Amino acid sequence: MNAATATNAPRKLTTSAMIASIAEEGQRTARAPFGHALTRLAEERPEIVGLSADLAKYTDMHIFREAHPGRFFQMGMAEQSMLGAAAGLAEVGLVPFASTYSVFATRRAYDFLCLDIAEPGLNVNVVGALPGLTTGYGPSHQATEDLAILRGMPGLTIVDPADSVDIEQAVPALAATPGPTYLRLLRGAVPTVLDEYDYRFEVGRAAELRTGRDVLFISTGLMTTRALTAAKELADDHIDAAVLHVPTIKPLDTETILRETAKGRLVVTLENHTVIGGLAESVASCLAYAGAGVRIVPIGLPDAFLAAGALPTLHDRYGLSVAAIKARVREEL
């Protein structure tokens with residue numbers, strides 16, 4: 001290979017791409033929005049406390065730890081103990097935020113979340129990092145089914161924020177929400193998008209970010225930012241796409257979904273989660289129970305254990321990239 005060929009060769013992805021930022025090229029980002037939002041909230045509310053299962057740095061809880069060391073509890077690699085301790089803290093009037101990876105909070109500590117926290121209706125806020133396909137480290141770290149696991153838990157509020165704006169607004173809202181909550185955390189350099197859309201997070205409310213006559217994207221989590229980008233680019237092909245952001249998976253805003261899906265457009269759901277048991281099936285059951293004969297096209301992860309590898313490559317392979325979204329819409333139209 002000569003020097004000219006080497007210079008023009010595409011850059012090879014390294015292992016660092018397995019934990020790459022989900023931000024698109026050129027997109028504005030905010031660093032550790034959860035950690036900063038929780039720290040600000042704690043300055044106003046002395047009952048806020050933070051817990052970590054040996055992952056404070058990797059769930060942005062280290063920001064809170066440094067600001068409020070006396071209100072931070074390092075529980076070690078013991079997620080079940082962490083949730084049990086959070087329940088005890090809530091019993092005496094404190095408002096805990098307990099952070100770990102989503103796979104550990106849901107697969108490993110489900111019974112403690114269910115019986116110690118949800119059954120007595122305690123105000124414990126569980127924060128799960130690396131939701132869905134936000135890491136390339138394979139099935140042991142990819143929480144592709146956390147929504148499916150948790151949707152059946154009585155009294156649990158489930159939030160999948162789109163960007164840093166969503167996270168910053170969701171933190172105080174969840175602290176003020178009675179009963180337990182589960183937040184799918186985007187960490188590190190998180191895209192900042194929703195401030196361009198006059199957006200306000202409200203528990204249980206969907207938000208129309210963009211209108212359109214041909215396609216209705218119903219999206220949640222990081223896929224809302226992808227839906228907005230896809231909608232802008234599809235406009236170049238004279239395809240007019242609306243975007244309905246659904247940050248709260250439970251309770252679901254069925255009223256808005258029924259109203260928006262009744263307008264005769266192609267309905268496409270987008271989620272960073274398996275198509276089993278997440279947003280797509282939530283929307284489908286909403287429509288079925290209401291007797292609305294609306295077909296939906298689900299864009300999400302397959303019902304499979306996913307590969308390890310570089311995130312950009314995996315997002316293309318499993319259909320979460322903007323290019324894959326646009327291709328699917330063109331095919332369906």
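In this text, all values refer to a predicted model and were calculated from it rather than measured experimentally.
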Do H245 and Y199 pass the ring-ring contact (aromatic ring centres under 6.0 Å, His included) test, and can you show the C-alpha distance, the side-chain angles, and the key distance before you say yes or no?
-> CA-CA 10 Å; H245 174 45; Y199 172 80; 5.7 Å; yes
Given the rule in the side-chain hydrogen bond (donor to acceptor under 3.5 Å, both in side chains) test, do H315 and R226 qualify, once you have shown the distances and angles that lead to the verdict?
-> CA-CA 11 Å; H315 280 208; R226 304 276 171 91; 3.1 Å; yes
After noting the C-alpha distance and the side-chain angles of R31 and V190, does the key distance pass the side-chain contact (heavy atoms from CB on, under 4.5 Å) rule?
-> CA-CA 6 Å; R31 296 292 307 182; V190 179; over 6 Å; no
Determine, stepwise, if the pair I117 / F112 fulfils side-chain contact (heavy atoms from CB on, under 4.5 Å).
-> CA-CA 7 Å; I117 296 171; F112 288 75; over 6 Å; no
Please step through side-chain contact (heavy atoms from CB on, under 4.5 Å) for the pair V193 and V165, ending with a clear verdict.
-> CA-CA 7 Å; V193 176; V165 176; over 6 Å; no
T224 and L209: side-chain contact (heavy atoms from CB on, under 4.5 Å), yes or no, with the steps?
-> CA-CA 9 Å; T224 289; L209 304 178; 3.7 Å; yes
Would you please test E332 and R295 for salt bridge (Lys or Arg N to Asp or Glu O under 4.0 Å) and show each step?
-> CA-CA 11 Å; E332 294 293 337; R295 174 178 174 263; 2.8 Å; yes
Check the pair E24 / T229 against side-chain hydrogen bond (donor to acceptor under 3.5 Å, both in side chains), numbers first and verdict last.
-> CA-CA 9 Å; E24 299 165 29; T229 301; 3.0 Å; yes
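In this structure a side-chain-to-backbone donor-acceptor pair under 3.5 Å is present from T248 to G204. For S285 (side chain) and S282 (main-chain N/O), a donor-acceptor pair under 3.5 Å exists by modelled atom type. Side-chain N or O atoms of R71 include one that pairs as donor or acceptor with a backbone N or O of I48 at under 3.5 Å. With hydrogens and angles disregarded, no donor-acceptor distance shorter than 3.5 Å links the side chain of Q142 to the backbone of T144. Not a single donor-acceptor pair under 3.5 Å links the side chain of E271 to the backbone N or O of G221. Remark: side-chain polar atoms of K250 are not paired, donor with acceptor, to backbone N or O of L147 under 3.5 angstrom. Between the D316 side chain and the S321 main chain, no donor and acceptor come within less than 3.5 Å of each other. Remark: the backbone N or O of G300 is not paired with any side-chain donor or acceptor of N272 at under 3.5 angstrom. Between the N125 side chain and the F97 main chain, no donor and acceptor come within less than 3.5 Å of each other. The backbone N or O of P161 sits nowhere less than 3.5 Å from a side-chain atom of T220 that would complete a donor-acceptor pair.
Counting heavy atoms from C-beta on, the side chains of L133 and L301 come closer than 4.5 Å. Put simply, the side chain of R328 reaches to within 4.5 Å of the side chain of I299, judged on heavy atoms. The shortest side-chain heavy-atom distance between V246 and I218 falls under the 4.5 Å cut-off. Between M75 and D54, the closest side-chain pair of non-hydrogen atoms is not below 4.5 Å. Contact of the E145 side chain with the R107 side chain is registered, since non-hydrogen atoms from C-beta on lie closer than 4.5 Å. Two residues are said to be in side-chain contact when any heavy atoms from C-beta on lie closer than 4.5 Å; M223 and I325 meet this criterion. For the pair V215 and R265, the minimum side-chain heavy-atom distance is 4.5 Å or more.
Linking Ile, Leu, Val, Met, Phe, Trp and Tyr residues whenever their side-chain heavy atoms come within less than 4.5 Å places I22 and F34 in a single cluster. Under the 4.5 Å side-chain heavy-atom criterion for grouping Ile, Leu, Val, Met, Phe, Trp and Tyr, V283 is not connected to V275 through any hydrophobic cluster. The hydrophobic clustering, which links ILVMFWY residues whose side-chain heavy atoms are closer than 4.5 Å, places V49 and V126 together. Under the 4.5 Å side-chain heavy-atom criterion for ILVMFWY residues, a single connected hydrophobic cluster contains both L258 and I296. Cluster annotation: L174 is connected to V171 through the hydrophobic network of ILVMFWY side chains, with a link wherever side-chain heavy atoms come within less than 4.5 Å.
Rounding to the nearest 0.5 Å gives a distance of 12.5 Å between CG of L41 and CD of E168. One distance of note links CG of L183 with OG1 of T59; it measures 11.0 Å at 0.5 Å rounding. Distance check, rounded to the nearest 0.5 Å: CG of L279 to CD1 of I158 gives 11.5 Å. Distance check, rounded to the nearest 0.5 Å: CD1 of I167 to CG of L194 gives 10.0 Å. The structure places OG1 of T134 at 11.0 Å from NE2 of H141, a figure rounded to the nearest 0.5 Å. Rounding to the nearest 0.5 Å places OG of S219 at 6.5 Å from CG of L228.
Between L266 and the options V294, L216, L333, I239, a side chain to side chain contact (heavy atoms under 4.5 Å, CB included) holds for only L333.
Inspection of the D303 and T274 side chains reveals no N or O donor paired with an N or O acceptor under 3.5 Å. In this structure, a donor-acceptor pair under 3.5 Å is present between the side chains of Y182 and S102. T181 and T157 form no side-chain donor-acceptor contact under 3.5 Å, judged by distance and modelled atom types alone.
A salt bridge links R28 with D195: at least one charged nitrogen is closer than 4.0 Å to a carboxylate oxygen. Residues R40 and E44 are not paired through a salt bridge, judged by the lack of any N-O separation under 4.0 Å between the basic side chain and the carboxylate.
Across all non-hydrogen atoms, the minimal contact from D60 to G188 is OD2-N, 3.0 Å. Closest of all the heavy-atom pairs between F201 and Q169 is N-OE1, 2.6 Å. Here the closest heavy-atom approach between residue C286 and residue L252 is recorded as CB-CD2, 4.4 Å. Scanning both residues, A85 and L51, for their nearest heavy atoms gives CB-CD2, 4.2 Å. Closest of all the heavy-atom pairs between V203 and A173 is CG2-CB, 4.2 Å. Of all heavy-atom pairs spanning P298 and T269, the tightest one is CA-OG1, 3.3 Å.
Residue E255 places its CD atom among 12 or fewer non-hydrogen atoms of other residues, nucleotides or ligands, all under 6.0 Å distant. Other residues, nucleotides and ligands contribute at most 12 non-hydrogen atoms within 6.0 Å of the CG atom of D198. For CZ of R330, the number of neighbouring non-hydrogen atoms (other residues, nucleotides, ligands) closer than 6.0 Å is greater than 12. Under a cut-off of 6.0 angstrom, the local environment of NZ in K263 is crowded, with over 12 non-hydrogen atoms contributed by other residues, nucleotides or ligands.
Under the 30°/60° scheme for interplanar angles, the aromatic rings of Y58 and Y101 are found to stand perpendicular.
Within the structure, the salt bridge (charged side-chain N to carboxylate O under 4.0 Å, His left out) test picks out the following pairs touching residues 207-221 (sequence neighbours left out): R213-D240. The salt bridge (charged side-chain N to carboxylate O under 4.0 Å, His left out) contacts involving residues 148-167 comprise D160-R184, where partners must be two or more places apart or lie in separate chains.
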